[in-house]
Each structure stands twice: as structure tokens, then as C-alpha cells.
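Working notes, structure below.
Keep in mind that the numbers below use all heavy atoms, side chains included, and drop hydrogens, waters and symmetry copies.
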Amino acid sequence: MSELYAAMDEHELRQEIANLKEKARKAEQLGIVNEFAVYERKALMAAAYLIDPATIVVGEMYRLDGAPGEFFKVDRLKGRFAWGYRLGSDKYEEAIPISMLAPMKVGK
């Protein structure tokens, strides 16, 4: 990536995400687990720039995308990261890209 995600438009971000997911798929096929994880995380970060942070409500509970049955309570936002706690964890504060947050309500 030669450009910062913040400087990219929506089309460029979607293209970058597709490229990263393709690299992740190839790494997974080759069994290169650490490389797979890096590309997956980069894709999540790029996706965070497609989301308006104003749509994330501090104090709300969200489902974690890609982690069925896991929930995250947002305590604060900083940039494209939500800081808070996973429900049922040992209460360690962590920061996750806002692209990992899914609304509690499924559907409309």
C-alpha cells in the first residue's frame, strides 16, 4: 500500500480490501498463517475507513463480526478504533477496528 487509507476514496478502499483479501486467501492456501493474519487485519483496517465513526454509539453493545456469540461494549472512540471490553472476558480493555462491530439487531 503506497497510500494512507485516510487519503483513499471509497472505490480505492474497496479495491485495496479486495487485494488484501486475495493475498490473505493465497497465504492461507500456502499455509502461511502469520501472513494470512496480517492481510486479514489490514483488510479490517481499510474497511474501518468505509464506516463513519459517528455511527458507532459510545456505551452501546455490538456483536463482533467474524466471532459468533462474542459481544463488545464500546467505552470510547479514537480514530477508527473502538475501545472497550468483550463481554465475558477478563475485563481487559482493548481497541478494535470499528469495521469489526456489527449492530446487535440482525436484519431490519
Side-chain angles (χ1 to χ4, degrees):
M1 181 192 72
S2 60
E3 215 178 332
L4 294 174
Y5 294 144
M8 293 182 178
D9 65 27
E10 183 178 345
H11 174 74
E12 291 170 319
L13 282 167
R14 291 190 187 285
Q15 209 167 19
E16 177 72 8
I17 293 164
N19 291 341
L20 290 166
K21 287 187 181 230
E22 179 60 20
K23 286 179 179 179
R25 188 187 64 76
K26 286 179 180 170
E28 186 177 35
Q29 285 178 337
L30 294 170
I32 309 170
V33 180
N34 55 344
E35 198 172 295
F36 168 78
V38 167
Y39 288 129
E40 283 281 291
R41 191 55 123 181
K42 282 184 173 188
L44 279 171
M45 275 310 306
Y49 283 86
L50 292 172
I51 297 169
D52 179 359
T55 63
I56 306 298
V57 181
V58 172
E60 285 287 310
M61 190 74 64
Y62 290 86
R63 289 183 299 112
L64 282 175
D65 230 1
E70 287 195 42
F71 302 94
F72 191 83
K73 182 177 182 285
V74 176
D75 284 345
R76 60 191 163 95
L77 291 170
K78 185 171 183 184
R80 300 290 168 159
F81 283 90
W83 287 80
Y85 300 91
R86 288 178 197 244
L87 232 61
S89 73
D90 291 334
K91 282 290 188 188
Y92 292 109
E93 185 181 45
E94 64 179 305
I96 61 169
I98 59 176
S99 54
M100 290 181 68
L101 301 176
M104 290 293 282
K105 295 182 185 90
V106 180
K108 289 194 176 185

Linked, directly or transitively: [X] and [Y] (ILVMFWY side chains, under 4.5 Å):
X	Y	answer
F72	V58	yes
I56	W83	no
F81	M100	no

**Item:** Members besides L30 in its Ile/Leu/Val/Met/Phe/Trp/Tyr cluster (side-chain heavy atoms under 4.5 Å)
**Value:**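 Via sub-4.5 Å side-chain contacts, L30 links to I32.
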
**Message:** Holding to side chain to side chain contact (heavy atoms under 4.5 Å, CB included), I want the full list of residues that pass it with I51, two or more places apart in sequence or in another chain.
**Reply:**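 Side chain to side chain contact (heavy atoms under 4.5 Å, CB included) list for I51, sorted by chain: T55, I98, S99.
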
**Request:** Please name all residues satisfying side chain to side chain contact (heavy atoms under 4.5 Å, CB included) with E10, sequence neighbours left out, ordered by chain then number.
**Result:**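 E10: side chain to side chain contact (heavy atoms under 4.5 Å, CB included) contacts with R14, L50.
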
**Prompt:** Does R63 reach the main-chain N or O of F71 with its side chain, forming a donor-acceptor pair under 3.5 Å?
**Reply:**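 Between the backbone of F71 and the side chain of R63 there is no qualifying donor-acceptor contact (under 3.5 Å).
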
**Request:** Taking Y62 for its side chain and V57 for its backbone only, find out whether a donor-acceptor pair lies under 3.5 Å.
**Result:**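 Side chain of Y62 to backbone of V57, a donor-acceptor pair under 3.5 Å: yes, one is there.
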
**Request:** Using a strict 4.0 Å threshold on nitrogen-to-oxygen distance, state whether E22 and R25 make a salt bridge.
**Result:**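 A salt bridge is present here (some side-chain N lies under 4.0 Å from a carboxylate O).
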
Identify the two heavy atoms, one from [X] and one from [Y], that lie closest to each other, and give their separation to 0.1 Å.
X	Y	result
K73	G59	CE-O, 3.9 Å
D65	A102	OD1-CB, 4.3 Å
R41	P97	NH1-CD, 3.7 Å
L20	Y5	CD1-OH, 3.6 Å

Taking the side chain as every heavy atom from C-beta outward, state whether [X] and [Y] have any pair of such atoms under 4.5 Å apart.
X	Y	value
E60	V74	no
M45	E16	no
E93	Y85	yes
L64	L101	yes
K21	I17	yes

**Request:** To the nearest 0.5 angstrom, please state how far the OH atom of Y39 sits from the CD atom of E28.
**Result:**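 The distance works out to 14.0 Å.
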
**Request:** Output the distance between atom NZ (K23) and atom NZ (K26), rounded to the nearest 0.5 Å.
**Result:**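 It comes to 9.0 Å.
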
